[in-house]
*Asks:* 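Encoded as structure tokens, here's the structure I'll be asking about.
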Amino acid sequence: MLDEIKLVSCYRTGNQRDDSEELEEWLPNINEGKTKGRRQRGTVEMAERKKVTKRVAKPKEPKPKEPKPKAERKPRAARVSKAKKAKTKTEQQTEDAVLPKPESQQHVTVKEERLSINLSSHNAAVPGDVPHECPSSSQHFPKVKKEEPDDSFTFDEPAQKKQRTTNAAQGRPIKLKSGNSCVEDIEMNWVPIQVLAEKTGVEQWVCANIAKLFQEENTVPFMVRYRKELINHMDADAVRDVQLTLEELRSVAKKSKSVSQTLKKEGVLTSELEMALKNCTTAGDIDHVYAPYKKGSKLSKARRAKELGLEPVALALLQAPQTLDLHSSIQPNTKGLSTLDEVTTGVQEILTDMIAKDKETLTHVQSWCDRSAVTIHSSVSKTALKEQQPQQGNQKSKPKDIAKFSLYTDFTCDVQRIQHYQMLAINRGENLKILTVKVNIPDWVKNDFCRWCINVRWRPQGFAQPELMTILKNAIEDSYRRFILPFLSRGYRTKLTTSAEKESIAMFVRNLRQRLLMCPVRGRVIMGVDPGFHHGCKIAILSPTSQILHTDVAYLHGPAKHKEAENLRHLMFKHSCQTIVIGNGKACRETEAFFTDLIKQRFFKPLDVSYCITDEAGASIYSVSPEAVKEMPDMDPNLRSAVSIGRRVQDPLAELIKIDPKHIGIGTYQHDVSQSLLRAALDGVVQECVSFVGVDINICSETLMRHIAGLNAGRARSIMEWKEKNGPFLNREQLKLVKGLGPKSFQQCAGFIRINPETVRNEGLKVPLKQTAEKKKVKGSGSASNKFNPLDQTCIHPESYSIALRFLSQIGGSLDQMGSAVLRQSIESSVKSRGLDVLAKSLDTTPETLQLIVDGLTQPPGFDIRQDFEQADFKREIVSMNDLHDGMVLTGRVTNTALFGAFVDIGVGRSGLIPKRFITPDKLPVDQRRRSLALGPGERVEVRVMNVDLHRNRITLDLIRVLR
């Protein structure tokens, strides 16, 4: 269970190591049978060259002086088929090496269905597979020695989701029992699981298991808690990343199929073009191949030239230039062929298109760009400058907008060093038509590219006249200027934006998780205060169980504030309230000062009153939502806000899940990222937090219930209706009697639902046994007794109850001793003497399942994983911004984090900012030294004041340490 808390709170980061050692440890292990990436492949080829010299030398040495005739194209297909057979044998050996069967358990291996593959790997680049408009054109010039560049540039920081699963505790290769491939819907020329592993940095056997688990409709919380051995102890964020990448691959396959069908209907689909589409691994690659054929766009110059019959002329210029006569193609009565200039232009357009669509050419120029200093530059757009001209009217707001982007009006940065928040800010300015953005590629790339094309890749296979070489040279330069340069620029922009969006969403996820898992304040009567001036402060007094005891409006900042203070003292004495929660909205500072003065005067004596400030973001939106109206139908919306503010401290999770995560006030640039990805990620975190904390099914709200893994709005409503008709649930088995809750839903949600006998006794309700029996007959389910099961209070899944009982029998314990010191000592001694693996083997289960059983049996009743997280800070005095000076050391709590730093509440009414440069690994605990900004909402920190700007109302802080 303690491991699970770590999974919920943050990514695991491992021990302290140098950056190089840590990076190597997080990279995929090439010795475990994974298909080697391009970097690894170049190293391994040197070691294998002695064994397979014939195979390696085959494509390496071209013979440019002896043109290859067309008749010799047949053996090429045979060679590809041969490679396919060799690949199949290699894959079988790799699969056997990666997935050894454990001796302690017998697992049925999955035969991974291999699709029709005509390439040695998904990223192989041979001329026959080049996505060009006329596929046969690139088959008539000699194959040259191919370099092995990276598919994409790499940033200074390691990949975001490289999960260190190789050295995970107790992790070992295990395959799910299955007879069918879990990715059979992806019909491409690459192996889906292999590409998935390369993109995510996760072992292939783990990717295969995760894909199969999702195919079987398992939820992320269920997999992370109850299927640890199958996912190699990965955390929820890593599993979701694999899921997202798998969905992207499925969408690529679907798009490829759709484009192929469209081209087939238009009659332009060839076998080579279909092969090029099936070789694509991203949507951008498909768009590049499909661009010339899109409907509605003008017919490209190259296609018009081909329709005029100039394609053989262009091919002859490459294959037999000594026999080419351009004058023979002149047709005076045909437009486009009437003069020599028109024929020359047509041939040049065809060559330009061939070069732009050749994958090896694109890969080669990409490798040059990756080794050069490619920069991104932003400046003020012409539109913004025109609107800023001295024109009277409604143009006053534009200069303010430009001022917001003053840092980026003349900004240049290397693409490998630009920060994520800078990229998102530039994109926002571009969308608002304030900035113009350009990717600058050095001129030497173009020069080397043109020289390489003329002398190597597109060199004619014979003597060419100077006028023919001029055509080829112009075609190469035109192809680079019109097609290749924009293609490279789009690629860099897409990669930078995608990386920035992922990091921003990851920041949202971390912030939301830490906000939801704030430790609840239990056992206190709380007064929630929604501050205000003219309309007064809204007051709501809540019982320790969040029941509304009293609501009122108090005018604390008017002439009658002394009378209002007397009324508040009377209410606090009446309800024994000693805790005040103030929202951080308008009039917060004045309301805080009002209560501070009363506390200093001991106005509430003998009550020991304290207060705290909480974020009220989203409270107003919630107060007018349908859920708030249903929960508090006869209450003024302003008073509902005060109730919500108080409940956010009593139980943050139960209250904040009622509000759209985007309105809680976490993260930055939420409108600049993919809304679908953001929504999916935040919904997944809410489900994860609710499930891992656990829900008492008999007292939780319908809103909270629908976020449990395996449940939705309809099933939650059915459960509430069952409770209204039959009374509270006495055990988990009774969930099977609920209409619409099938075996799969029960499996997913049962472990996260708690049945607390004290709750049922306090309610004083009983289950109508007659109605329950009737329901059992209707559904035809198995026996569902009306007795309490002590295991229903724990995190142990019902599927493991029999194992838990056998384990208790082995150690001589009983269910009555659950959570007691005696049982805990007995279990610890048994595990220490025999070992967890041996005990698990004797019980015919996995060590992961047995560890979960041990946690469930030893945890005290009512255990809450949030008790180890941070709680709200309560105080009795106030400090103003004028009291701050440089060098002052203070303690505060992180309220929000962004990609550029963390905001900290130090109790002066204005949050200070710790810039990212001051958040260094040496100032963080070992378990928080991860790649991204390690601080999150709710964490207590010790900071030093670096600068106080009273005019701009800004405070700059330096992080000293994180308080634990």
*Asks:* Are more than 12 heavy atoms from other residues, nucleotides or ligands located less than 6.0 Å from atom NZ of K257?
*Replies:*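 No.
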
*Asks:* Can you tell whether the side chains of R647 and D651 come within less than 4.0 Å, N to carboxylate O?
*Replies:*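 Salt bridge absent between R647 and D651.
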
*Asks:* For D235 and A238, work out which heavy atoms get closest and say how close.
*Replies:*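 Reported closest heavy-atom pair: OD1-N, 2.8 Å.
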
*Asks:* Flag the pair R640 and E627 as a salt bridge only when some basic side-chain nitrogen lies within less than 4.0 angstrom of an acidic carboxylate oxygen.
*Replies:*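 Looking at R640 and E627, the cut-off is not met.
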
*Asks:* Would you give the length of the straight line joining atom CD1 of I426 to atom SG of C413, rounded to the nearest 0.5 angstrom?
*Replies:*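 Output value for this atom pair is 8.0 Å.
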
*Asks:* Which heavy atom of E616 sits nearest to which heavy atom of P531, and what is that distance?
*Replies:*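 Smallest heavy-atom distance, with atoms named: OE1-CD, 4.1 Å.
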
*Asks:* Please tabulate, for the side chains in residues 945-959, all donor-acceptor contacts under 3.5 angstrom to protein atoms that are two or more places apart in sequence or on a different chain.
*Replies:*
| residue | atom | partner | partner atom | Å |
| --- | --- | --- | --- | --- |
| D949 | OD1 | H951 | N | 3.3 |
| D949 | OD1 | R952 | N | 3.2 |
| D958 | OD1 | K923 | NZ | 2.8 |

*Asks:* Where do M234 and V242 come nearest, in terms of heavy atoms and distance?
*Replies:*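 In this case the closest contact between M234 and V242 is CE-CG2, 4.0 Å.
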
*Asks:* Thinking salt bridges, do K199 and D241 make one under a 4.0 Å N-O criterion?
*Replies:*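 No, this pair does not count.
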
*Asks:* Any salt bridge between R240 and D237, counting N to O under 4.0 Å?
*Replies:*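 Yes, R240 and D237 are salt-bridged.
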
*Asks:* Going from CG on N427 to CD on E430, what distance comes out if it is rounded to the nearest 0.5 angstrom?
*Replies:*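 Taking CG in N427 and CD in E430, the distance rounds to 6.5 Å.
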
*Asks:* Could you tell me the separation between the CD1 atom of I286 and the SG atom of C280, rounded to the nearest 0.5 Å?
*Replies:*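 These two atoms lie 5.0 Å from each other.
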
*Asks:* Find the distance between CZ (R428) and NZ (K404) and round it off to the nearest 0.5 Å.
*Replies:*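 One finds 8.5 Å between CZ of R428 and NZ of K404.
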
*Asks:* To the closest 0.5 Å, what do you measure between CZ (F411) and OG (S379)?
*Replies:*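 One gets 12.5 Å once the value is rounded to the nearest 0.5 Å.
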
*Asks:* Salt-bridged, R515 to D615, with N to O below 4.0 Å?
*Replies:*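 Yes, charged N to carboxylate O under 4.0 Å.
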
